[in-house]
Structures are given as structure tokens and as C-alpha cells.
Protein chains: 2
Amino acid sequence: MELSERKQIILAAVVEQFIETGEPVGSKGLQAKLGISVSSATIRNEMSELAEMGYLEQPHTSAGRVPSQKGYRYYVDHLMNRREPDDYQRRQMEADISAGGADPQRLIEKAGEVLAQLTNCAAMSTMPKGEGIFIRRVEVVPVGGKTCMTLLLTSAGIIRSRVCRLDFELTASMLENFYNVVSSALIGRPVSEVGAVMLQTLAASLGSEALPLLPLIAAVAELARDADETDVMLEGQSNLLNHREYDGKVYELLEFLNKPQPLSHLISSSKNDLDVLIGKESLFRQLEDSSIILARYNIGLREGGAIGLIGPTRIDYARIIPSVEYLTGLLGKLLKKALEE
Amino acid sequence: MELSERKQIILAAVVEQFIETGEPVGSKGLQAKLGISVSSATIRNEMSELAEMGYLEQPHTSAGRVPSQKGYRYYVDHLMNRREPDDYQRRQMEADISAGGADPQRLIEKAGEVLAQLTNCAAMSTMPKGEGIFIRRVEVVPVGGKTCMTLLLTSAGIIRSRVCRLDFELTASMLENFYNVVSSALIGRPVSEVGAVMLQTLAASLGSEALPLLPLIAAVAELARDADETDVMLEGQSNLLNHREYDGKVYELLEFLNKPQPLSHLISSSKNDLDVLIGKESLFRQLEDSSIILARYNIGLREGGAIGLIGPTRIDYARIIPSVEYLTGLLGKLLKKALEE
DNA sequence: TTTAGCACTCAAACGCTAAGAGTGCTAACA
DNA sequence: TGTTAGCACTCTTAGCGTTTGAGTGCTAAA
């Protein structure tokens, strides 16, 4: 798929102009924009060919051209002139993220907020996930009578808790027994390993006392499963209302974003450091007018989670992609400091 | 402010008709709706008087009448014919709320979801708050090196956690010392009491070891403050997009709802079992086209939190108010079961 | 290969008219 | 005195033809 140099220049200009104004761009306007010494008719011919090749589209006969999905793709892959965030912006990001203190959950949430605000789009972020996350602590706190609360703390700083009801009152010795077994069996183990098999072993080593404590074991298992789930935090949804390309379609999109499964599927299905999904590339009908920029962060050498954003396909890729990349680095650095120092 | 019986009937009919259709209602339509044997001209006269008295408004000369804020108020206070949820709906609500298990946080969140879905509006809910909530447990978990994680668990089942960094490595004996002092000083105390004074006492009883542990103490204090804060969970924001009265104004409203302070202020400023704020009654400019229905739930005899909803002033008060009331009772019952059995 | 010129297309804006819903007033009526 | 029929008047909304203007595609000449 080779494009002549002039075609590349023109395609880039169309994409950038359209991103800037949101209006279809015509040959005359382009001629003015480009310093290039070539007539509008020539540009017209080139654009016509680009349209034939599928890089540009026409809303209707007498309108200008608009980049197609393929056009955006080519732009992002080959033409885009990255605009890195400057020193001031970097410092600003760091300050905003750190504002909530060193708590990991907070940091990640803040990163999403910053991204949303930076881009005027919806942003998402997930907690760290994967093999490197292990169980740091399990607690059972009686809260009166037959009820108790189970807590699970992971090495990523995730806390999960659940109320659990038993058929009897928990005695101190039972609790101790449970602690000993659970601690030796679970602590230090990767969260993702806590499955049905491990729980059977656990129940076995609890011996005769296993049966009554089963609800507790089940609760811990649920907590582990919960902690292992990628749950996606969403920020700045209302920003999407500002984009006129979504007029009348916002509701459908927001409904879609508020279901947890599709987003988390999207996130876990991409393993690259940075992914840009344009329009239908995401394979979700509800996102066919949207682009997604998704980046993973690492904590030290360990794999972390992801942050990303969702906006109209007409998005300022050249500015935003570098910012997202910078943010992942920053977030990884701050998380490492918070968790491992 | 006495209204003749006929005026009352007419006002109620106008309100109900407008709530149903969203169109300004005219004298002729009303005549058909009411079985009443009276001509449209008479109705016209009555409506004209109601308009003069401030209960109705006219969008423009040649349109029908629309209830004013005062009109809604009178309707809700005197005319409304409550429609209680039937058995099926009650069972449905109970099933939906309980679906997530017995965890208090979950229950409350679910109650919000149910409310949002039930009303096609945005719903909010808050955790229990007040004097009755005390500290159940404080934990410090070393997570490697000089970093540790502080946990605070309240009697309402709220968990707060934060990462805390020290200037040195925590030894077992220091930890034990800290535990002993903190446990005896804080556990069983109301969350709201943990202020600066108490912390000074605490620091004093830690003796010579106080200074290096100060960050820990501060962290616990922060957690307590955090747990005492009414933080508002919001559900079903996108439902608001379905109401045409918000066309073009949704963004402002959503922005407003996503700031935590105003909502929590709204909630804490009303202490009744049930509050209905219509239009400007809420005193927030951003809510002048909205109504708020806010209800408190109790856990047993103790005061709990609140659930509520935000929607256009044109809302089906007669159906929704009873549902909200039923929901608070239900939620209180389920929470009590989860926390105190 | 490039460019100027020109006819052609189509959406958006504009102005006008007609329709329809609803009011307010007046005068008659019970 | 309260109620009603009748009617003129108001104002919005929808529909329709026209105009405008941006932009294209084609052709012929440089």
C-alpha cells in the first residue's frame, strides 16, 4: 500500500484539518493550509484518487472529504507527527496524579481522571493484574453473633471484603485454626491460582472442622476471584457529550461503557504496550464511531494494568498518544514507589 | 392557600396529564380526560385563575398549561394519589437488591441501581453515617520495606485503607505497641469522634515511640475521616439522557452530579424520612429543572444513610414516592440482617 | 502533468404560507 | 352569578419552493 509523497502530505493535511475543525475539508481550504505551490485542481485530483483508494470519504457529492477508518489508520501508523507533552504538562500530570496520596487504588483512579480531563474524552483504568499479584493477607473479623467479615489484601494493594454469615458462633480456637491453615496455604500465592482445586486441599487440611467453616472458605475464594477480575474504572463519561459526532448516540454509548464486561474484555484482549483501535477495529458495534487508545503500565519489571480512553474517531492522536504513553510510565513509577520501597 | 374542590381536581388532572405526556395540556383535552360534565370554557376559566395564582404556567400564549413549581408542590402535598408497589414489584425489588449477596456496601449500591432502573432516573445512595457507627478494627499490614498499609473497619461494614510510608522499617515490637494503644483507644469509639484531640492523647500514650509512628497515626485519622464522610454513589446517570426536557442541558447536570460535595451536602442537609425537592427548592442552580426525592433508611433503630433519585420535575411522584419509601424499609431490613444477626 | 474554467450537485439557510391547537373575550343563557 | 357557545386572535410547527455557496468533476489548453 504505497502512497506517493504528495499523497501522504495531502492525506496528513486532510486528517489534521478535519481533526481540528470537524468539518469536511475541501481542496481550496487545503491549498491555503498547505504552503504547497500547487493548484486546487491538482489537489482535487489527488483527493479523488485517495478517495478511490479508500483513505477518504465523502459525506455527499458536494461536500469536502473526511478521513475514513483506513485513512486514520494510515495516518496513525505512518504520517502522524507526535507532539510530546512539554515539561510543564508533565509536571502538571505528576502533580495531579499524586494529589490523592500514595494509595495505589487512588493513584490509578487519578490517572484516569487526569487522562479524561487531558483529552476531554472518557477514560478508563484498571488495577494491576496477572501472575505477579499474590495474596498478602487474609483476615476474618467477627462483627457480632454469627456474622463476620472477610478481608483479602493483595500485593498490588487491592483490598476486597465481604460479609459472611455462619450457622453458629465462631470460637477463638476455630478462628485460630482457620488462620493457621489459610495463612500457610494462601499467603504468598498468586491470586489467580486460588481456584476450586486449591480450596479442596484447604478444606482437607482443616480436618474435621472443615465442614462448618466452609462458608468462610468459599468467601475467601470469592474475594480472590473478585480481586483477580479486571474491573474497569471509568472517568469523564460526561465529556463525551461535548462531541457533536455523538449527538443522539450518546445514550447507547454510555450504556455500553457502563457494562463492565465488554470493556474488561477489550482490555484483556490486547497485550501490547500501546493499542489504537479505530472505529470498527474494536469489533463492537457500539464503538464503530469511536476510537480507543489503550496503554499498559508496568510496575517495575512486573506487568501492571492498563489505562485508556474512548472518544470519537476524530481525536488528536498526535498529541494524545504521546501523553498516554507518558502517563503509563509515570503511573508505573509512582506505583512502584508506593508499593515496593 | 385554599383551592376550591373543582380547582383541585383540575390542577391534579393537569399535573397528571402533563406527567404522562410531557405536552402542555389544553382545556379541551382535559375535558375529555375528566369525566366531569362541564364545558371546556369553564375549565379554561379555572385554568386561567390557577395560572394567575401561580400554580400553572404557559410556555406561550397559544399553548396549553404546564404545572409550575408551586403547582407540583401543591400536588405532592395535597392532591397526589399514591400508587403503592404491588406484591410482584416488591418481590422483584427484594430479589434484585439481594442478588449481590449480603455485603452492606453491595446492598446499598444495588439499592441505588434498582431505584435508577425503576424510575429511569439517576439514583444516589450513601453508606450509613452518624453517631451510631463505631470503629470495629484497625490493622497495619507491612507490605515490604518501609511501606505499610493501614486498614480501618467500621461497624457499618465500611472498609477504608491507605498506603502509608515511614522513614524506617517497622519492628514487631513497635507494631505491637501501636496495636495495643490504638486498639484500646479507638476500638468501639464512634468514627465521628476521631479528631485532632483524640490523636494527641493517642500520641501521648505511645510515649517515646510516638514520634516515628506519627505518620501511622495520621493515616488512621485520615481513614476515620474518610469513613465518616458521606460519599455518594451515583447510578444510572445515562438514564437522564432519555428525558427530552434535558436536551442540551445534560452536560451541565452530569458535571454537577459528578462533583461529590454538592450531593453530599444536599443529603446531609435534610434530616426527614422523606424529602421531595422540586425545582429551585434545592437551591442549586444546576437543579432548577430537576426534582429530587430523598429518603433515609434506618438499620434497626439506628440511623442509616439515604437513597434518592434525581430526575426532571415532570416525574411520576404518585408511583415513585411510595416505591422509594418501600425501598428504604427493605434496605434497612436487609442491612440489619447482614450486620447484626 | 498541471491548471484554469465552467457546469453541475447537494445541503443548508431562508422566507413564505397554511394548518392546528389553544386561548381570551363577549354575549347569551339558566 | 356562574356557565356556556361562538368566534376572533395568537403563536408554533410543518411543509415547500427558492436561493446561496461550497465543493466537486470534467474538459481543454498550457
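Protein chains get the first letters and strands the later ones, always in sequence-line order, with residue 1 at the start of each.
Comparing A:Gly64 and B:Val38 along DNA chain D, the residue whose closest nucleotide (by nearest heavy atom) sits nearer the 5' end is B:Val38. Taking the nucleotide of DNA chain C with the nearest heavy atom to each of A:Thr61 and B:Gly26, the more 5' of the two is matched to A:Thr61.
In this structure, A:Asn45 atom CG and C:dG5 atom P are separated by 16 Å, rounded to whole Å. When rounded to the nearest whole Å, the span between NZ of B:Lys28 and P of C:dT23 equals 10 Å. Regarding B:Leu30, its CG atom lies at a distance of 14 Å from the C1' atom of C:dT23, rounded to whole Å. Distance B:Gln58 CD to D:dC9 C1': 14 Å, rounded to the nearest Å. As rounded to whole Å, 11 Å separates atom P of C:dG24 from atom CD of B:Glu49. Atom P of nucleotide D:dT4 and atom CZ of B:Arg6 are separated by 8 Å, given to the nearest angstrom. One atom, CD1 of A:Ile43, and another, C1' of C:dT2, lie 12 Å apart when rounded to the nearest Å. Counting to the nearest Å, the P atom of C:dT1 and the NZ atom of A:Lys7 are 10 Å from each other.
Between D:dT3, D:dC11, D:dA5, one nucleotide has an atom nearer to the side chain of B:His60 than all others, and that is D:dC11. The side chain of A:Ala41 has C:dT3 as its nearest neighbour among C:dG24, C:dT3, D:dA5. Of all nucleotides listed (C:dG24, C:dT3, D:dT24), D:dT24 comes nearest to the side chain of A:Met47. The listed nucleotides are C:dA4, D:dT4, D:dT24; the one nearest the side chain of A:Ser27 is D:dT24.
Using a cut-off of 4.0 Å between Lys/Arg side-chain N and Asp/Glu carboxylate O, A:Glu57 and A:Lys70 are scored as not salt-bridged. Look at B:Arg6 and B:Glu46 and you find a salt bridge, because one of the NZ, NE, NH1 or NH2 atoms lies within 4.0 Å of a carboxylate O, short of that distance. Note on B:Glu20 versus B:Lys33: salt bridge recorded, some NZ/NE/NH1/NH2 to OD/OE distance being below 4.0 Å.
Ring geometry for B:His78 versus B:Tyr74: interplanar angle of 30 to 60°, hence tilted. Using a 30° and 60° split on the angle between ring planes, B:Tyr72 and B:Phe18 fall in the tilted class, from 30° to 60°.
Using a 4.0 Å cut-off, no side-chain N or O of B:Thr42 falls inside it from OP1 or OP2 of D:dT3. OP1 or OP2 of C:dT23 lies within a sub-4.0 Å distance of a side-chain N or O belonging to B:Arg65. In this model, the phosphate group of C:dG5 is not approached by any side-chain N or O of A:Arg44 to a distance below 4.0 Å at OP1 or OP2. The side chain of B:Ser62 contributes no N or O atom lying less than 4.0 Å from OP1 or OP2 of D:dC9.
No contact: A:Ser40 has no heavy atom under 4.0 Å from any strand.
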